[in-house]
Structures are given as C-alpha cells and as structure tokens.
Amino acid sequence: KAEITRAKVAFELMKNTGYPSVEELIRLIEDGNVMEMPGISRADVKRTYEVYGMPPEYVRGKLTKRKVSRVRFDESLKADDKDQVLYSDVMVIDTKRFLVSVCEPLQLTLQTPVVTETVDDLGMALQSQLSVLRERGYKPTVVHVDPQTSFQALRTQFPGVVLDVGGARDFVAKVDAKIRRIKEGYRCVKAGLPWKFPVSRVKGLVAYVVSRMNLRRTVALHGTLSPRVLFTGSKPNYKKELSLAFGDYVEVHNGTTNTSKERSLPCIALYPVGNSTGTWIFWSLSTRQYIRRSSWVKMVTTELVTRAINTISEEEEATLPDQGEQPAADA
C-alpha cells in the first residue's frame with residue numbers, strides 16, 4: 001500500500017510539473033531544487049509507469065514520427081511446392097460471415113468477410129484469396145467446397161482453378177476443423193477483454209485470431225517454419241508484431257506539426273497487416289475509423305478508456321435490429 005501511495009504521489013508530481021521526461025522528473029526529485037519535496041525516490045517514479053502507464057498527455061504532446069525499418073524477404077524461407085489446394089467454407093460468428101480457406105501443403109489459413117452467401121459475394125471473396133496466393137508466387141490449383149448453391153454457380157468463374165463441389169452432406173472436414181479453432185481463439189480473446197466487445201469489431205478480432213494461428217507451426221508441416229514464414233519468406237519481429245494484442249490501448253502518431261494540435265490519437269489495436277514494417281490496423285476511439293500505422297506507444301488501459309468503449313458498444317447495440325437466435329452455424 002505504501003508503494004502504491006508513493007507511486008500516486010509521483011504521478012501527481014509529474015502532472016504538476018508539466019509532464020517532464022522520466023529522467024527530468026528524477027533529477028527534479030534528487031537535485032534538491034524544491035523545498036519540502038514528498039518522500040519519493042527514483043524507484044517510485046519507475047513504479048508509477050508500471051502502475052499507471054505512460055500519461056496520455058505526455059504522448060499526445062511529445063510523440064514524434066519514428067523511422068521505420070523493413071524486414072528483408074528471403075526466398076529460401078518460402079515453401080518449395082508452389083501448387084496449393086484450398087479447402088473453403090463459410091464461417092458464421094456473432095452474426096458475421098467469413099469465407100475461410102485452408103491451403104495445403106502450405107497450411108496457411110485465409111479469411112475474408114462476406115456480407116451474404118450469394119454468388120457475387122462468395123465469388124469476390126474467393127477471387128481475393130486466390131489473388132493473395134498468386135501475389136506471393138503460389139499457384140492455386142483446386143478449391144474443395146461443399147455443395148452450396150452459390151459455390152456450384154462459381155464452378156466456371158476461375159480459369160485455371162478447379163472448383164471441386166462435393167455432393168450432399170459432403171462436408172469439407174479440413175476447413176471445418178480450422179473454423180472450430182478460429183472460434184475457440186475468438187472466444188478466448190473476447191473473454192479476456194476489459195471492456196464490452198462492440199459488434200463492429202468482429203471482423204478485426206477474426207483477422208487477429210487467424211494471423212496468430214498462421215504464426216504457429218502445425219503438426220502437418222515438416223520442419224520448424226510456420227505457415228506465415230513459408231508464405232511470406234520473412235520472419236515477424238517480436239517488438240513489432242508480438243508486443244501488442246487485440247484490444248490493447250495505444251497512442252498512434254497523428255502527424256508532426258508545430259501547432260498546438262495533439263500529436264497522437266487514442267486507438268485500439270486490432271490486427272497486424274503482416275508486411276515488412278510490422279504495420280498494424282488500429283481503430284480510432286475519437287473518429288471511429290481504421291488507422292494503419294507502423295509505430296505506436298502502448299498504454300495502460302484506464303477506466304476512462306473502458307467506459308468509452310462500453311459506451312460505443314451500447315450505442316451500437318441500440319441501433320442494431322433484432323437478430324433473433326444465433327444461426328446454427330455459429331454453434
């Protein structure tokens with residue numbers, strides 16, 4: 001209790017002295033230039049950051065744009081077998097739909113949000129996934145799907161790719177197992193959030209869970225490389241991609257100016273893009289828009305942030321139509 005009390009005093013002193021840096025605050029305490037200074041020490045100042053985190057005011061006033069480094073691509077890390085077979089199906093979770101595909105032998109999982117299960121929506125989603133593979137030099141050859149009417153209508157829409165439509169009750173077991181794992185990870189992350197989950201962030205959470213699954217090697221792969229490394233030819237950097245989790249409160253750079261405008265925006269981390277600079281997609285709490293950044297400052301999630309997101313979640317629920325019971329596919 002005494003340490004927490006002194007940390008609170010140090011936090012108040014930081015505010016009352018105009019948000020100096022840690023080193024400046026320590027010198028102010030130790031140099032003896034202030035009379036009747038409370039009994040706090042260097043350790044109390046450092047403990048302040050452990051308890052309360054970096055003050056948002058300090059970040060918004062002093063954050064500068066950082067030079068971003070890029071990870072080099074190494075073709076030798078990529079999988080040798082470029083021909084890929086896809087197993088695809090539609091996943092429904094929290095009333096949102098996604099086309100999920102598993103690539104073999106790469107074992108990479110792909111997900112694309114779809115509004116409906118019509119021919120147009122599923123066709124565009126599958127085309128985007130095929131394009132992602134081709135962009136990295138892989139060649140999709142076969143796509144195994146269940147006998148859904150929309151899939152049957154797409155059989156001739158992808159030249160060079162065989163759309164193998166199964167018969168009645170011919171479920172695609174490989175992708176069904178992957179969908180169960182996605183939902184398990186989704187529930188785990190959602191249960192650990194300190195605030196009420198807004199329904200508008202379902203797509204971001206699914207993208208985050210799938211990105212984390214692709215980081216881990218599966219028993220179906222030979223060797224030690226993960227699907228992500230085999231696909232991109234680069235290994236993710238811990239500080240850029242694993243120092244954040246979905247739902248973390250961060251301050252991201254908002255442009256360098258010499259005006260009184262704040263230099264950062266309060267955001268919630270959603271998911272990594274997977275590029276060479278470790279870029280993340282964030283959700284701005286002030287504008288409610290997506291922001292793409294490669295540098296940020298991780299903050300402690302305060303009660304103020306929690307209340308703000310809870311308010312947003314309640315507003316979204318109030319404007320949503322009655323969804324009735326959850327679809328059976330979400331079980």
Side-chain angles (χ1 to χ4, degrees), residues 79 81-136 138-188 199 202-214 216 218-221 227-228 230-231 323-331:
D81 193 347
K82 301 302 181 183
D83 291 345
Q84 298 294 317
V85 176
L86 275 66
Y87 300 84
S88 303
D89 200 0
V90 175
M91 176 184 74
V92 182
I93 188 166
D94 280 346
T95 72
K96 304 296 183 182
R97 288 172 169 78
F98 302 83
L99 179 66
V100 177
S101 297
V102 181
C103 307
E104 194 174 67
L106 194 57
Q107 304 304 321
L108 183 77
T109 304
L110 302 172
Q111 62 81 29
T112 305
V114 292
V115 179
T116 63
E117 296 182 40
T118 60
V119 175
D120 290 340
D121 284 350
L122 290 181
M124 288 189 294
L126 184 55
Q127 181 62 60
S128 69
Q129 294 182 356
L130 298 177
S131 298
V132 167
L133 290 171
R134 289 168 177 152
E135 180 187 21
R136 297 283 184 175
Y138 293 94
K139 181 183 177 182
T141 57
V142 181
V143 181
H144 296 287
V145 294
D146 62 24
Q148 187 174 336
T149 305
S150 297
F151 285 133
Q152 295 182 39
L154 292 170
R155 291 183 61 181
T156 60
Q157 300 301 310
F158 309 103
V161 179
V162 176
L163 195 64
D164 179 52
V165 181
R169 295 186 178 277
D170 288 348
F171 302 108
V172 188
K174 191 173 185 67
V175 70
D176 287 347
K178 189 68 68 172
I179 287 174
R180 286 195 296 271
R181 291 191 60 197
I182 292 174
K183 291 183 177 181
E184 289 171 355
Y186 181 98
R187 288 190 291 265
C188 289
V199 69
V202 172
K203 296 178 182 179
L205 181 50
V206 170
Y208 171 79
V209 172
V210 170
S211 72
R212 288 327 194 207
M213 290 174 59
N214 287 329
R216 304 191 293 267
T218 67
V219 294
L221 284 172
R228 158 74 183 276
L230 290 171
F231 176 63
Q323 298 287 344
E325 295 185 359
Q326 193 80 328
D330 195 25

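In what follows, every heavy atom counts, from backbone to side chain, and hydrogens, waters and symmetry copies are set aside. We're numbering straight along the sequence, starting at 1.
Considering every non-hydrogen atom in both S88 and S101, the closest pair reads OG-OG, 2.6 Å. The shortest non-hydrogen separation linking R134 to P159 is NH2-O, 4.2 Å. A pairwise comparison of heavy atoms in V145 and V172 identifies C-CG2, 3.7 Å as the closest pair. The two residues P227 and L106 have their closest heavy-atom pair at CB-O, 3.7 Å. The two residues D89 and I179 make their nearest non-hydrogen contact at CB-CD1, 4.2 Å.
Panel note: side chain Q111, backbone V210; no donor-acceptor pair is recorded below 3.5 Å. Q129 contributes a side-chain N or O that, together with a main-chain N or O of L99, makes up a donor-acceptor pair within less than 3.5 Å. Panel note: side chain N214, backbone T109; a donor-acceptor pair is recorded below 3.5 Å. A donor-acceptor pair is defined here as one N or O able to donate and one able to accept, closer than 3.5 Å; no such pair exists between the side chain of D121 and the backbone of V114. Panel note: side chain D94, backbone K96; no donor-acceptor pair is recorded below 3.5 Å. For K183 (side chain) and V92 (main-chain N/O), a donor-acceptor pair under 3.5 Å exists by modelled atom type.
The distance from atom CG of L86 to atom CG of L130, rounded to the nearest 0.5 Å, is 6.5 Å. In this structure, CG on L133 lies 6.5 Å from CD on Q84, to the nearest 0.5 angstrom. Note that CD1 of I93 is 7.5 Å distant from CG of L205, once rounded to the nearest 0.5 Å. Taking CG of L122 as the reference point, atom OG1 of T112 lies at 10.5 Å (rounded to 0.5 Å). Atom CG of D83 sits about 12.5 Å away from atom SG of C103, to the nearest 0.5 Å. Here the CZ-CE distance, from R180 to M91, works out to 13.0 Å after rounding to the nearest 0.5 Å.
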(message) For T141 and V85: C-alpha separation, side-chain torsions, deciding distance, then whether side-chain contact (heavy atoms from CB on, under 4.5 Å) applies.
(response) CA-CA 6 Å; T141 57; V85 176; 4.0 Å; yes

(request) Report the C-alpha separation of K174 and H144 in whole Å, then their side-chain angles, then the decisive distance to 0.1 Å, and conclude whether the side-chain contact (heavy atoms from CB on, under 4.5 Å) test is met. (result) CA-CA 10 Å; K174 191 173 185 67; H144 296 287; over 6 Å; no

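More than 12 heavy-atom neighbours from other residues, nucleotides or ligands sit within 6.0 angstrom of NZ on K82.
With contacts defined as side-chain heavy-atom distances shorter than 4.5 Å, the pair V132/Y138 does not qualify.
T218 and Q107 form no side-chain donor-acceptor contact under 3.5 Å, judged by distance and modelled atom types alone.
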